[in-house]
Structure formats: C-alpha cells, structure tokens
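Structure, as structure tokens:
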Amino acid sequence: MALMSQITEQMAPTADASIGRIVSVTGAKAIVLLDSDGRMRDSATRPDMGTLLAIETAETIVLAIVSALSVPVPAQREGENEIRIAELGLVGELRRGNDGTPGNFNRGVSMYPGLGDRVRVASKMELHQAFCGDIDRSVRVGCLRQDNSIPAMVRVDDLLGKHFAVLGTTGTGKSCTTALILRSILEKNPQAHIVLLDPHNEYAPAFPEWGEVISPRNMQLPFWLLTFEELIEVLIGDPSERKHEVEILQELIPVAKSRYNSGRSKEGQSARTRLDAGRFTIDTPVPYRLSDLTSLLDERMGKLENKRDIAPYRNLKTRIETLSLDPRYSFMFGSLTVYDGMAQILGRIFRVPVESKPITILELTGLPTEIVNVVVSVLCRMTFDFALWGEGKVPVTIVCEEAHRYVPANPALGFEPCKRAIAKIAKEGRKYGASLCIVTQRPAEIDPTILSQCNTVFALRMSNDRDQEIVKSAISDTGSGLLDFLSALGQREAIAFGDGVTLPVRIRFDDLPKHAMPRSSSAMFTTMWQQASTDTGFLEQIVEKWRLSVSGSAATETSQTALFADAMGLTGTPEVAAPARSPAPAAPVEPRRYASAPSAPDSASQRPRLAEPAVHGNMAPAAAPASSAQGSNALRNLRDRLNRNGR
C-alpha cells in the first residue's frame with residue numbers, strides 16, 4: 001500500500017513531457033518522429049531500446065515498446081538538425097477511470113493512436129500498473145531495467161500453469177535464476193509441490209530450509225515401478241539386437257506379478273489394495289520378486305534341449321543377478337525383500353504431506369550414466385500419472401535442469417520413453433495440474449515441440465546464432481526488438497516474455513541470499529593456481545571418492561560387503577555378518593560427506609519412509625576411519641570364501 005501511495009502521487013506531469021509525435025500507424029506498429037530539442041539529450045526522457053512509451057487518447061493510454069531507433073538522414077555537421085525515428089510495438093492500454101487516472105492494464109489495443117498524437121516516456125505509475133498487475137498472485141524476481149524502483153513481478157498461476165523455460169549460455173546465471181524464481185514462489189506458497197532434477201548436485205544449498213534431498217545414497221526407486229520399455233533399457237539395452245530376450249521378459253513378468261499378488265492374497269491382503277491377477281499388464285506398477293522371475297527362467301530352461309535356445313534365458317538370468325549385486329543399482333535392485341511401498345515413494349517424491357519441505361531435489365550425480373535417462377523417464381512419467389489420477393487436487397511442478405539431455409531435437413539421440421514422458425507433461429499436463437520447467441544452455445538442441453509449449457521464457461545472455469533464432473521465433477513481433485539485446489545482456493539480466501509477465505521486458509534479477517546460492521560458481525583459476533598442491537592426502541580422498549562413485553555410495557564398504565554376502569548366501573561368518581535391522585521403519589541415513597566439498601545440511605524428512613525399507617537405506621553411517629579398513633578386510637575374506645567354495 002505504501003508503494004502504491006507513493007506511485008499514485010507521481011501522476012503524469014502537467015507540463016509537456018512529450019518527446020515526439022506519431023507519423024505512421026500500421027496494425028500493431030507505429031512510427032514516431034522524435035523531437036530534435038534539448039529534451040532528447042536528457043537520459044530520463046530519451047527513449048532507449050525496450051523503453052515503454054505512453055500515447056494518450058480520449059479514453060485510454062496506449063502503451064508501446066521501442067523496438068528500433070534510427071536516423072535515416074544523418075546530419076553532415078554537428079549541431080545541425082536531423083530526422084530521428086523510433087519504431088514502436090503497440091502492446092496494450094490503460095483505460096482511464098472517472099477521475100482520469102489510469103486503470104488496470106489490458107493486452108491489445110481497442111483505440112489506436114492517431115497521426116500527430118504526442119508520445120512520452122511512461123510515468124512510474126503507468127509502469128507499475130502495466131508490470132505489477134495482481135500483486136497477491138504474483139511474486140517479485142527483480143526490477144525493471146527501465147526503472148529499478150519498479151519491481152519485476154511474475155504471475156505464478158500463468159507461469160506454472162502454462163510451463164516456463166530458463167535459457168542462457170553457460171555462466172550467465174541459469175542456476176541462480178532458477179533458484180531465485182523457485183524460492184520466490186516457495187516464500188508465498190509454503191505448501192507447494194516441486195520436484196527438481198539436479199544432474200550436477202548444485203541445488204541442495206539453495207534450499208536449505210525447504211529442500212528434501214534425494215540422492216543415490218537414500219533413493220528408493222524399485223525396479224517394479226519401471227514400465228517394460230524402461231526395464232528393457234536397464235536389463236538389455238538395444239532391444240532390436242536381442243528380440244528373443246525381450247519376448248521372454250514380456251511373457252514372464254506378468255506371471256511373476258501374478259505370483260506375488262497371489263501370495264499376498266493368501267496372507268490376507270485387504271480387498272481395497274488387492275488387484276485381480278488376471279488384469280495385470282506388463283506395465284502395471286505392482287511389485288514382483290526377481291527370485292520369481294529367475295525361477296521362471298530356470299523352469300523354462302529345464303524344458304529346453306537345444307543349448308542354443310538356452311542362451312537367451314541364461315543371459316537374462318546373469319544380467320539380473322549382476323544388477324542385483326551391483327551396489328550402484330542398489331536403489332533399484334538392492335532390496336532383499338519386496339513390498340508394496342508405492343504410496344510412500346510417491347509421498348516422499350511429491351511431498352505429500354509437505355512437512356515444511358515443499359521441494360524435492362533429486363540429485364542424479366552418482367547414478368550409472370547408462371540409466372540416468374531411465375530414472376528421469378520414471379520420475380517424469382510418475383509426475384504426470386500422479387497429477388492425472390489425483391485429478392489435479394495436488395498440482396505439481398517438475399524442473400528439468402540440462403533438459404537438452406533428455407529431450408534432444410535429434411530423434412536419433414535420447415531415450416524415447418523419457419522424451420514421451422516430458423512431452424506428455426508439456427502437451428497435456430496443464431489440464432491435470434502438472435507443470436514443467438525447462439532449463440538449458442542450448443535451446444537449439446531441444447525438441448522444438450517441447451520448447452514451444454513453454455509459454456513464459458526467461459532468456460539470459462546468448463551468443464550462439466542458432467539459439468537466438470529459436471528464442472526469437474517464440475516471441476511476438478511487438479517484443480522482438482528486445483531480443484537484439486540477447487548477446488549483450490549483463491550478469492543477472494534477462495528478457496522475460498510470455499503469459500507469466502504482462503509485457504515483454506528487460507529485467508534485472510534480485511540477489512540471492514548468500515546462504516542460498518547454488519553450488520554452481522565458476523572455478524577461480526588465478527586464485528587457486530597461486531597455491532601449491534602438495535597434499536597427498538587430498539589425492540587419497542579423490543581416489544576414495546572416485547572408487548565409491550563407481551562401486552556405489554549407498555552405504556559404507558562394510559555394509560556393502562554384508563549386502564553382497566547375504567545375496568550370495570554366505571551370511572553367518574563373522575567377517576561378513578549382516579548389519580542389524582531396526583524393527584521399526586526408519587528414514588534412510590546418509591553417509592558422511594567429505595569436508596573438502598561444500599555440502600547441504602541433512603534435509604531428510606522425519607516422516608517414516610517405506611514400511612519395509614530397502615536394505616541399503618538402513619545401513620549405519622561410517623563411525624570411524626577404521627571402518628574403511630574393516631570393509632577392505634571383509635572384502636578380502638569374502639573373496640577367499642568364494643574361492644574356497646569354487647564359485
């Protein structure tokens with residue numbers, strides 16, 4: 001209210017503040033012949049590219065954006081008069097109230113300016129009316145480049161309901177911009193439901209008070225949640241080369257699902273959650289046991305006589321056993337018991353209930369590179385299905401950082417189910433409350449169908465011609481002149497256009513609090529290269545992290561050894577004793593982070609997790625440096641045990 005009262009006092013000046021007159025009107029464009037007097041030398045009244053000008057008519061104040069400036073015939077000598085032209089794009093109007101003051105802003109023009117009408121720079125009140133709109137449903141992300149006292153507001157419902165994109169070259173501040181926009185939304189909407197796919201583990205520090213961080217260490221995404229296409233990508237890879245194995249899985253997986261459901265029915269499963277086994281399809285997200293699947297493979301192999309026919313069955317069984325023992329895949333295959341925890345998994349990912357953590361940050365670094373696209377496909381598909389079957393009662397937004405990885409323009413690249421899942425949110429998500437945010441440094445490499453569905457765009461500095469052309473094709477003619485600035489934008493500056501903002505505008509983003517900066521700053525080479533790097537302990541840390549990232553970081557070495565021994569049926573020896581399990585459900589415990597790298601505070605929610613947590617989620621954290629040596633000894637003892645058994 002204080003801001004409005006200050007602005008209301010600054011009415012349009014009574015003295016003539018005009019800077020030129022209309023000499024041409026064509027459709028949504030107009031040409032102004034600028035005055036040649038001293039007012040054009042005043043920076044406060046001199047028009048610039050992107051400046052909002054006002055043209056007063058009988059009933060309205062027409063607003064127009066400067067899209068081009070030119071001097072058709074330059075003066076031969078300094079001080080001589082010359083013709084100066086400004087090209088305008090008519091963008092909207094403010095209808096006058098009964099007392100003559102400007103009312104609400106409306107896009108489009110109902111009453112065009114006439115020839116000779118005077119043009120002036122828009123006043124502070126007119127800028128506020130045009131750019132701020134409904135403050136209750138909008139959030140501030142920065143200020144206008146034209147007048148830094150006017151806040152740059154974003155309409156949340158239009159921004160999220162019709163999807164948005166953050167585009168810009170590497171190093172221009174995409175991560176900070178994304179964090180700023182999301183933090184601004186969360187400050188006003190503490191019961192939000194946002195899922196952020198973080199391929200570089202940089203966003204956890206940006207949401208220390210609001211973020212539920214899920215990493216490969218505490219992720220639970222069981223294999224039975226995957227569709228058949230996704231499972232084939234994990235187990236087989238290219239299905240065209242191993243069609244027989246695909247056909248075998250297509251036949252046996254529904255049988256394994258029926259076996260599991262039949263067993264639960266005998267145990268007295270409630271009628272509300274029990275499904276008719278005959279209705280299972282290969283994509284029905286119900287649990288099944290890998291042991292049932294491998295036993296079915298054994299049964300089929302036992303009925304075959306030709307060794308050549310046995311090979312596909314043996315290959316599948318070997319691959320399943322390998323993945324089950326690979327600690328990198330423990331979040332998907334590591335649970336030794338199968339249970340129906342789908343509701344708990346959805347609750348944790350989509351924050352139902354919110355419990356003061358309205359954003360889930362899924363850190364993808366550490367996942368095997370060959371299945372990152374599969375994990376993204378599962379999460380995006382679940383986002384749409386969650387919104388669909390929830391009938392829009394819990395709107396959810398998914399943020400795809402580095403989106404060109406998942407929806408590339410080249411049809412030969414990427415994972416097709418992943419592209420379909422994201423495309424489905426982009427095309428149909430608005431109807432069910434599923435929103436999409438695309439963040440990328442290469443707009444030209446993204447599927448244009450996906451990008452075209454983003455009705456609000458924040459375009460940061462871009463130097464690549466192809467990327468600029470993609471952005472220019474998405475903006476209307478009235479604001480196209482602003483995009484000529486794309487290659488010259490400064491840090492924390494952007495061109496914002498689309499439904500989320502009232503008008504195309506050049507804005508300067510606010511500063512993020514220091515405690516909420518993403519872990520995305522560029523390395524300070526000249527500073528770091530002044531220091532000697534002679535610490536061999538640092539190299540040992542690198543080697544240890546490197547090996548853990550390849551061998552899996554879901555648990556300590558001792559715990560991983562116990563998991564492996566249990567799966568191989570070698571438990572009972574003191575060297576590889578399985579860790580004690582807690583009888584009550586418990587939240588996954590993250591292993592310690594190394595002090596050499598900045599880390600986010602532990603943000604795991606206190607809600608009980610799955611009814612029967614995955615084994616890797618209950619491992620005790622490393623308590624002392626001796627645990628590493630203990631794990632190495634256990635591994636050596638386990639190898640000796642295997643050798644003695646002839647395995």
Side-chain angles (χ1 to χ4, degrees), residues 1-20 32 34-35 39-56 60-69 86 88-94 101-107 118-135 138-155 177 180-181 184 458-460 478-479 481-486 488-498 500-511:
M1 292 298 294
L3 178 62
M4 277 300 299
S5 61
Q6 292 175 9
I7 293 174
T8 305
E9 293 174 1
Q10 302 182 27
M11 300 295 293
T14 54
D16 183 15
S18 62
I19 58 174
V32 175
L34 298 174
D35 296 336
R39 277 178 296 184
M40 294 304 298
R41 299 186 180 91
D42 183 1
S43 59
T45 57
R46 184 178 62 225
D48 195 359
M49 289 288 292
T51 300
L52 193 69
L53 303 183
I55 310 162
E56 297 193 22
T60 64
I61 299 175
V62 178
L63 300 181
I65 292 177
V66 177
S67 58
L69 293 167
L88 311 181
L90 307 180
V91 293
E93 61 186 11
L94 299 169
T101 58
N104 294 330
F105 173 79
N106 296 312
R107 291 295 297 265
R118 300 297 294 178
V119 180
R120 58 176 171 80
V121 176
S123 68
K124 192 180 293 290
M125 180 181 183
E126 291 161 349
L127 289 174
H128 187 276
Q129 291 290 92
F131 287 108
C132 293
D134 186 358
I135 296 180
S138 303
V139 296
R140 174 187 170 123
V141 296
C143 60
L144 302 191
R145 179 69 168 74
Q146 179 176 344
D147 186 340
N148 57 19
S149 67
I150 302 297
M153 307 295 290
V154 175
R155 298 182 295 202
T177 297
L180 174 67
I181 294 172
S184 299
F458 298 91
L460 288 81
T478 55
L482 284 173
L483 297 184
D484 293 333
F485 283 106
L486 278 178
L489 290 173
Q491 286 294 110
R492 298 179 22 242
E493 284 191 356
I495 307 297
F497 60 91
V501 292
T502 53
L503 292 172
V505 61
R506 183 177 176 181
I507 64 177
R508 182 177 179 82
F509 290 109
D510 291 333
D511 291 326

Between Leu489 and Ala494, what is the shortest heavy-atom contact and its length? CD1-CA, 4.0 Å

Side-chain contact, heavy-atom cut-off 4.5 Å: Asp147 with Lys124? yes

Once side-chain hydrogen bond (donor to acceptor under 3.5 Å, both in side chains) is applied, do any residues pair with Arg155, and if so which ones, sequence neighbours excluded? Asp158

Would you call Asp35 and Arg118 a side-chain contact if the rule is heavy atoms closer than 4.5 Å? yes

Write down the atom of Ser184, the atom of Val139, and the distance for their closest heavy-atom approach. O-CG1, 3.5 Å

With rounding to the nearest 0.5 Å, note down the distance linking CE in Met153 to CD1 in Ile135. 5.5 Å

Is there side-chain contact between Leu460 and Thr177, with heavy atoms separated by less than 4.5 Å? yes

side-chain contact (heavy atoms from CB on, under 4.5 Å) against Ala130, all qualifying residues, sequence neighbours excluded: Leu52, Leu63, Phe105, Leu503

Validation row: Ile19, Pro47 side chains within 4.5 angstrom (heavy atoms): yes

Does the side chain of Gln146 come within less than 4.5 Å of Val121's, by heavy atoms? yes

Holding to side-chain hydrogen bond (donor to acceptor under 3.5 Å, both in side chains), I want the full list of residues that pass it with Thr51, two or more places apart in sequence or in another chain. none

Kindly write out the residues that satisfy salt bridge (Lys or Arg N to Asp or Glu O under 4.0 Å) with Arg145, not counting sequence neighbours, or none if the list is empty. Glu493

Mind checking the CD1-CZ spacing from Ile150 to Phe131? Nearest 0.5 Å is all I need. 9.5 Å

Apply side-chain hydrogen bond (donor to acceptor under 3.5 Å, both in side chains) to Asp48 and list each qualifying residue two or more places apart in sequence or on a separate chain. none

Contacts of Ala64 that satisfy side-chain contact (heavy atoms from CB on, under 4.5 Å) - sequence neighbours left out: Leu88, Leu90

Any residue meeting side-chain hydrogen bond (donor to acceptor under 3.5 Å, both in side chains) with Asp511, in chain and number order, not counting sequence neighbours: Arg492

Closest heavy-atom pair and its distance - Ile61, Glu126: CD1-OE2, 3.4 Å

Residues Leu486 and Ala459: closest non-hydrogen pair is CD2-CB, 3.7 Å

Taking all heavy atoms of Ser138 and all of Cys132, pick out the closest pair and write down the distance. OG-O, 4.1 Å

Which atom pair, heavy atoms only, marks the closest approach of Gly50 to Ile65? CA-CG2, 3.9 Å

Any side-chain heavy atom of Arg120 sitting closer than 4.5 Å to one from Glu56? yes

